[in-house]
Amino acid sequence: MQENRLSLSFYKAFDTLSLAQRLIGCELVHESADGITSGMIVETEAYLSDDPACHAFNRRTIRTEPMYGTAGTSYVYLIYGMYQCFNVVSNREGIGEAVLIRALEPLKGISLMEMRRQLIPGKSGDKIRTKTLKLNELCRGPGNLARAMGIERSLHNNLSLAGQPLYINNRVSETIEIEASTRIGINVGKELPYRFIVRNSPFVSKL
DNA sequence: GGATAGATTTTCT
DNA sequence: GAAAATCTATCCG
């Protein structure tokens, strides 16, 4: 049962901006040892090689090496010391571009996501969350999404999304309305309309 | 509801 | 040594 899984040829078929839009409405799946979690992608951002906000804008480094790999590779990095962000590498080898996945509408393994989100990252071990989260808070924002899905840089950086345990299924619905806007949380290139969301979705990280 | 400050560490200058 | 594709708690209205 993987006829819906996106193949490497799919990732190669689009430029980064097109892929960022094509991935909206697709289902991100993680088959972990703890169980399966998945969610529909409702928010993405494109990072291009000629874009000052892109990690690969300046120089090719160890950290950004996966971005220069083949399309359909994962790029997971640590931000602000405690949160991980999950990206889909795009464009052909040698060009450092990627699509940041920013929010999901949870589909499978929701109770497992809730368990993972109970733990808040901290210096001396994780802290326990006291209040319960709503469904639309589980995968809201790249850091939260990675945590709910159990995605870690040490395990999931630089993997092929055509294999296991992390992959993406094609759109379930074609009746999705996509809206473009500017990106979140950056200081340069903030005027570029490289963010894509499902219109009127309550699951996006920010209006 | 919105604004602000603090956490925390890898990476690059 | 500063910045970073973030999130949460806390304050205030």
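Chain A is the first sequence line, chain B the second, and so forth, proteins listed ahead of strands; every chain is numbered from 1.
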> Atom CD1 of A/Ile151 to atom P of C/dA5: distance rounded to whole Å?
Replying inline: 19 Å
> Of A/Arg153 and A/Pro121, whose nearest nucleotide on DNA chain B comes first from the 5' end?
Replying inline: A/Pro121
>> Is a donor from one side chain sitting under 3.5 angstrom from an acceptor on the other, for A/Thr70 and A/Thr73?
In response: no
>> Taking the minimum atom-to-atom distance to the side chain of A/Asn144, which one of C/dC7, B/dT11, C/dA5 wins?
In response: C/dC7
> Is there a donor-acceptor contact under 3.5 Å linking the side chains of A/Glu27 and A/Ser38?
Replying inline: yes
>> Taking 4.0 Å as the cut-off, does a side-chain nitrogen or oxygen of A/Arg129 come that near to OP1 or OP2 on C/dT8?
In response: yes
>> Does C/dT6 have OP1 or OP2 under 4.0 Å away from a side-chain N or O of A/Arg140?
In response: no
> Reckon A/Arg195 touches a base, only the sugar-phosphate, or nothing at all at heavy-atom distances under 4.0 Å?
Replying inline: nothing
> In whole Å, what is the span from the CZ atom of A/Arg117 to the C1' atom of C/dT8?
Replying inline: 10 Å
> Base, sugar-phosphate alone, or nothing: which one does A/Asn87 contact when heavy atoms must sit under 4.0 Å apart?
Replying inline: base
> B/dT11 P sits how many Å from A/Phe57 CZ, rounded?
Replying inline: 21 Å
> Who does B/dT4 pair with, Watson-Crick or G-U, both distances under 3.5 Å?
Replying inline: C/dA9
> How long is the line joining CG of A/Leu207 and P of B/dG2, in whole Å?
Replying inline: 9 Å
>> Of the listed nucleotides (B/dT9, C/dT8, C/dA5), which one gets closest to any side-chain atom of A/Leu78?
In response: B/dT9
> Counting side-chain heavy atoms from C-beta on, which of C/dA5, C/dT8, C/dT6 comes nearest to A/Tyr80?
Replying inline: C/dT6
> Checking all strands, does A/Leu100 fall into the base, sugar-phosphate, or nothing category for heavy-atom contacts under 4.0 angstrom?
Replying inline: base
>> If stacking means aromatic ring centre less than 5.5 angstrom from the base's six-membered ring centre, planes under 30°, is A/Tyr47 stacked on C/dA5?
In response: yes
>> With no hydrogens and no angle check, just 3.5 Å: does a side-chain donor-acceptor pair link A/Glu191 and A/Thr182?
In response: no
> Under 3.5 Å, is there a donor-acceptor pair linking the side chains of A/Arg116 and A/Ser32?
Replying inline: yes
> Does the pair A/His55 and A/Tyr77 meet the rule for a ring pair (Phe, Tyr, Trp, His ring centres under 6.0 Å), with working shown?
Replying inline: CA-CA 10 Å; A/His55 283 174; A/Tyr77 67 91; 4.6 Å; yes
>> Test side chain to side chain contact (heavy atoms under 4.5 Å, CB included) on A/Leu100 and A/Cys85; report intermediate values, then the result.
In response: CA-CA 7 Å; A/Leu100 170 67; A/Cys85 294; 3.9 Å; yes
> What is the distance, rounded to the nearest whole Å, between atom NE2 of A/His55 and atom P of B/dT10?
Replying inline: 15 Å
>> What's the closest nucleotide to the side chain of A/Asn187 if the choices are C/dA5, C/dA4, C/dT8?
In response: C/dA4
>> Distance check needed: C/dA5 P versus A/Asn157 CG, whole Å only.
In response: 16 Å
> Rounding to a whole Å, what distance do you find between A/Lys206:NZ and C/dT6:P?
Replying inline: 11 Å
> Atom CG of A/Leu48 and atom C1' of C/dA5: how far apart are they, to the nearest Å?
Replying inline: 13 Å
> When you check the phosphate oxygens OP1 and OP2 of C/dT6, does a side-chain N or O of A/Arg147 lie under 4.0 Å from one of them?
Replying inline: no
> Which of the following nucleotides, B/dT10, C/dC7, C/dA5, is nearest to the side chain of A/Pro142?
Replying inline: C/dC7
> Which nucleotide sits closest to the side chain of A/Met82: B/dC12, B/dA7, B/dT13?
Replying inline: B/dA7
>> Under 4.0 Å, heavy atoms only, any strand: does A/Arg183 hit a base, just the sugar-phosphate, or nothing?
In response: nothing
>> Return whichever of A/Gly81 or A/Lys131 has its heavy-atom-nearest nucleotide of DNA chain C closer to the 5' end.
In response: A/Gly81
